[in-house]
Participant: 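First the structure, which I've put down as structure tokens, then a few questions once you've had a look.
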Amino acid sequence: MKEVIHTPVPSVEEEEYHINMGPQHPSTHGVLRLVVSLQGEIVKNLKPHCGYIHRGMEKMCEKDTYPQIIHLTDRMDYLSAHINNHAVCLLVENALQIEVPERVKYIRTIMDELCRIQSHQLWWASFGMDLGGLTCFFYGLRDREKILDIWEETTGARFLQSYYTPGGLMWDIHPDFQKNVKAFIKYFRKKIRDYEKILSGNVIFTERSRNIGLMTKEEAISYGVTGPSGRGSGWSCDIRKHHPYALYDKVEFKEILYHEGDTLARYMVRMDEMYESMHIIEQLIDNIPEGDFSAKMKAVIKLPAGEYYQRVESARGDLGIYCISDGNKTPYRMKFRTPSFSNLSVLDHISRDLKIADLVAIGGSLDLVIPDIDR
Amino acid sequence: MNSFFNYFADIFSGVKSLLIGMSVTGKYFFSPGQIVTQQYPENRKTLKMYERFKGEVIMPHDANNHHRCTGCAICELNCPNGSIEIVSARIDGPDGKKVRVIDKHIYHLGMCTFCSLCVKTCPENALAFGQEFEHAVFDRSVLTKILNQPGSSIIKGTEE
Amino acid sequence: MASTNIYDNFVTSLTQSIHNGLYSSMSPTWALITELAIIGFVFLMFYALVGLFLVYAERKVCAFMQNRVGPNRVGKYGIFQTIADFIKLLMKELVVIKNSDKLLFTLAPFIIIIASFMAVAAIPFAKGLHAIDFDIGILYVIAVSSLGVVGVLLAGWSSNNKYSLIGAMRSGAQIISYELSVGMSLLTIVILAGTMQFSEIVQGQEFGWFIFKGHIPAVIAFLIFLIASTAETNRGPFDLAEAESELTAGFHTEYSGIKFAFFFLAEYMNMFLVASIGATIFLGGWMPFHVSGWIGFNQVMDYIPPTFWYLGKTGFIIFLMMWFKWTFPRLRIDQLLTLEWKYLLPINLFNILLMAFIVLMGWHF
């Protein structure tokens, strides 16, 4: 195994100058501040400064009951709201050893995959915009709108759904849900061709992303870069495969792996994952069994005293929730291991000695969601 | 010689990929029927929200100004950020005993995060989601609402 | 060779009558000054109108490409949107930057706008409808339009902002490189036309535009001209000087109000300019589409006024440039220079040789 090289932070030489990318900068997609040392246009060193959107979520969890925590996790990684909710629900269900009805598992898996698709759509949109292709942004959002409509019909919200509850779902799916999802899959299988035509094959795009931001598998593991970014470096880290939850052990899907480790590989992983997610949904959507949409739960949920850890594969990577309960209705301590935080840590390493334009491309390919970093 | 051919192959494949990209944008340019934008203020009359849309929390009243809220404060208990305050009063019931009724069901829309726990946990189904979404106001105090209408009372048969 | 265009006499007689009227009513010096003032005023109005229209057109074009409606609030179909924007920009505060070079900071937008303004003078809009008809019109246009980069560099330098500086330096490298390709692709046609005077170049395209006359080398030159001129106007996939997602707004980050509007207008004016040069050199300018021998067809074509021909061709090239901009992602600075020095320049040099050979052998139409 190759040794991981941690380059020491070089001292600031005279010809280096600093610029602040962020907190208000078009390519950081939020309030992330990167202090970049530049030599001409070459990035020499980069320091991320987090905390501009820190809301003390872990502390807030300590006064909230378990059903109340769910609506907080929505706001953590807002693009994988369903998946974050799923993590908390699984934590509680596993701690109490509750078997949720089969119908719930089906619906949750479909919702999670819809969530992954829309997250990747928005990522594609904003990645295209980062690289200067403004039209990509509108195409991505146009198609994402269809998923949001499906959600709005069932959950009542477009963005922050809080649809899952410990033991099941807030309410049953809308009668039109299956029909609309199938229509969407049909629609999107056509529209994703546009994505490939306008960006994937484009010579400017491939030239700008190939061999840029190289990250080896060892580096991905040592920095804890999970999710599509890690799988672009050939690290098989899909929680859905390795620690299946919901129905992921029943459905057939491939874990997308690319071994190049560059920006293009990370891009291709996400593009292929959209196809895989559609494949998963197609297997489930016609077979949703009848039944309850929630298991019987006590009015006040109290976890037995102890430590719990639950991992799910969010659209950005490995989301882990570590919880210490002292037997009360609120947790004693909650800790979120959010994927974006770890993914950000590698940015300095892989963007050194590249240009500012590359830094923007790499940042886009890591798919950072800033509230997920700061929590 | 090989690199010489590669040079031209690069040019042609590059130009081809660019033309493919242009065909997409060109296709949409010449088919204006694909426009997806909604003309919002104009379509207010026809704009219909989904029935489950979480615009705000409301307390449905029937024609006789009756609601179903008993003032049990379960919604207040379940609200994660204190958006709901229940002010209940005790009045004389028909059999002489004191009965708890709702005096004011105060709802702070500005603090609500639409987690839907209050609607979900209400034992009497007294709360529901309204479809109003134009909540912009000039004065924050307008966002504090009293959900039970003045003079309303509980539907007979649902009181404790 | 006598042109039978029915509109020619009208334009010539109009300008002649104004000229004669002025010279007969006042002394020659004053008549000349009045003439200059009239021309300046006309061009200024034209400049503003074209700028406003192009901004509107770009917003509509990009909106349709992105499945949107575009501006549609101010006036029917939003046609007054750009005028409203202009009024807004006029009323905005001109922010003064601390520790900036005040003089250069103020000067830069004027340099840019003057450079593009000067180049318009040589463009023929119809037969006899141009401010000045140089013998070396092409050389003049190339020389004048490349002055704009000075404004960009000054703007970036004087803003005392690192983003602006990076943008300005990029733009400097970019324009100096691509200036070469623009010049060479025009030279290819100069070889074919045998003159640098715009009026004669247009006249030479009476029976067949140069892009058809010069067939292969002319088409190559046209493509190179399209790419290089898009780069020279800092637009489309070559907008590295602005690079919104990297440098926020590049060289004009610190500008506000009317100074920003100058940069904004100049961008569109430059686009109009290179499009009209391209239309004049390659597509025959105001010359209608004629086929040698088809007299009836040629007469029908003559009924369309030459200015419409000119505007149509220019509009076509402008649309192509907008299409580029709203489709492609942005290049990186080193790729930009690679494209120029590794691809465009060698092809261009070879193309000139080819054209010279073809002209020598008389293989053109």
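So that the names make sense, note that chain A is the first sequence line, chain B the second, and so on, each numbered from 1.
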Participant: More than 12 heavy atoms of other residues, nucleotides or ligands under 6.0 Å from NZ of A/K182: is that the case?
Facilitator: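 Count over threshold, so yes.
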Participant: Report, as yes or no, whether the 6.0 Å neighbourhood of atom OH on A/Y187 holds more than 12 heavy atoms from other residues, nucleotides or ligands.
Facilitator: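 It does: A/Y187 OH has more than 12 such atoms within range.
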Participant: Relative to chain C, which segment of A/L354 carries a heavy atom at a distance below 4.5 Å: side chain, backbone, both, or neither?
Facilitator: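 Looking at A/L354, nothing touches chain C.
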Participant: Is it the case that atom OH in A/Y52 sees more than 12 heavy atoms from other parts of the structure closer than 6.0 Å?
Facilitator: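 Yes, the 6.0 Å shell around OH holds more than 12 heavy atoms from other groups.
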Participant: Using heavy-atom distances under 4.5 Å, tell me whether A/L359 contacts chain C through its side chain, its backbone, both, or neither.
Facilitator: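 No part of A/L359 comes within 4.5 Å of chain C.
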Participant: Tabulate, in ascending numerical order, the residues of residues 194-201 of chain A having at least one heavy atom closer than 4.5 Å to a heavy atom of chain C, or enter 'none'.
Facilitator: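 Near chain C, by residue number: A/I198, A/L199.
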Participant: Below 4.0 angstrom, N of the basic side chain to O of the carboxylate: do A/E207 and C/R332 qualify?
Facilitator: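 No, no charged N to carboxylate O under 4.0 Å.
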Participant: Around C/F105, counting heavy atoms of other residues, nucleotides and ligands shown, do more than 12 lie under 6.0 Å from its CZ?
Facilitator: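 Correct, the count exceeds 12.
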Participant: For C/Y77, does the OH atom have more than 12 heavy-atom neighbours from other residues, nucleotides or ligands under 6.0 Å away?
Facilitator: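 Open: at most 12 neighbouring heavy atoms sit under 6.0 Å from OH of C/Y77.
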Participant: Suppose a student defines contact as a heavy atom less than 4.5 Å from any heavy atom of chain A. Which residues in residues 159-169 of chain C would they list?
Facilitator: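 Checking residues 159-169 of chain C against chain A gives C/K162, C/Y163, C/I166.
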Participant: Give a yes or no on this: more than 12 heavy atoms of other residues, nucleotides or ligands lie within 6.0 Å of atom NZ of A/K186.
Facilitator: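 Incorrect, the count does not exceed 12.
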Participant: Under 4.5 Å, counting heavy-atom pairs only, tell me which of A/V203, A/D130, A/L141 racks up the most with chain C.
Facilitator: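 Top option by heavy-atom pairs under 4.5 Å: A/D130.
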Participant: Suppose a student defines contact as a heavy atom less than 4.5 Å from any heavy atom of chain A. Which residues in residues 58-69 of chain C would they list?
Facilitator: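 Answer by number: C/M65, C/Q66, C/N67, C/R68.
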Participant: Atom CZ of residue position A/R193 - does it have more than 12 heavy atoms of other residues, nucleotides or ligands inside 6.0 Å?
Facilitator: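 No, the 6.0 Å shell around CZ holds no more than 12 heavy atoms from other groups.
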Participant: Any residues in residues 334-348 of chain C near chain A, with a heavy-atom distance under 4.5 Å, and which are they?
Facilitator: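 From residues 334-348 of chain C, the residues near chain A are C/D334, C/Q335.
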Participant: Hey, could you give me the CG/NZ distance between A/L134 and C/K325, rounded to the nearest 0.5 Å?
Facilitator: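 So the CG of A/L134 and the NZ of C/K325 are separated by 7.5 Å.
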Participant: Can you say whether A/R208 sits under 4.5 Å from chain C via the side chain, the backbone, both, or neither, judging by heavy atoms?
Facilitator: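 Its backbone and side chain both get close to chain C.
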Participant: Side chain from CB out, backbone as N, CA, C, O: work out which of these in A/F205 comes under 4.5 Å of a heavy atom of chain C, or both, or neither.
Facilitator: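 Answer is both: backbone and side chain atoms of A/F205 are under 4.5 Å from chain C.
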Participant: How about CD1 on C/I216, more than 12 heavy atoms from neighbouring residues, nucleotides or ligands closer than 6.0 Å, or not?
Facilitator: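 Atom CD1 in C/I216 is not packed in, count stays at 12 or less.
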Participant: Return the CD1 to CD1 distance between C/I333 and A/I356, rounded to the nearest 0.5 Å.
Facilitator: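 Those atoms lie 11.0 Å apart.
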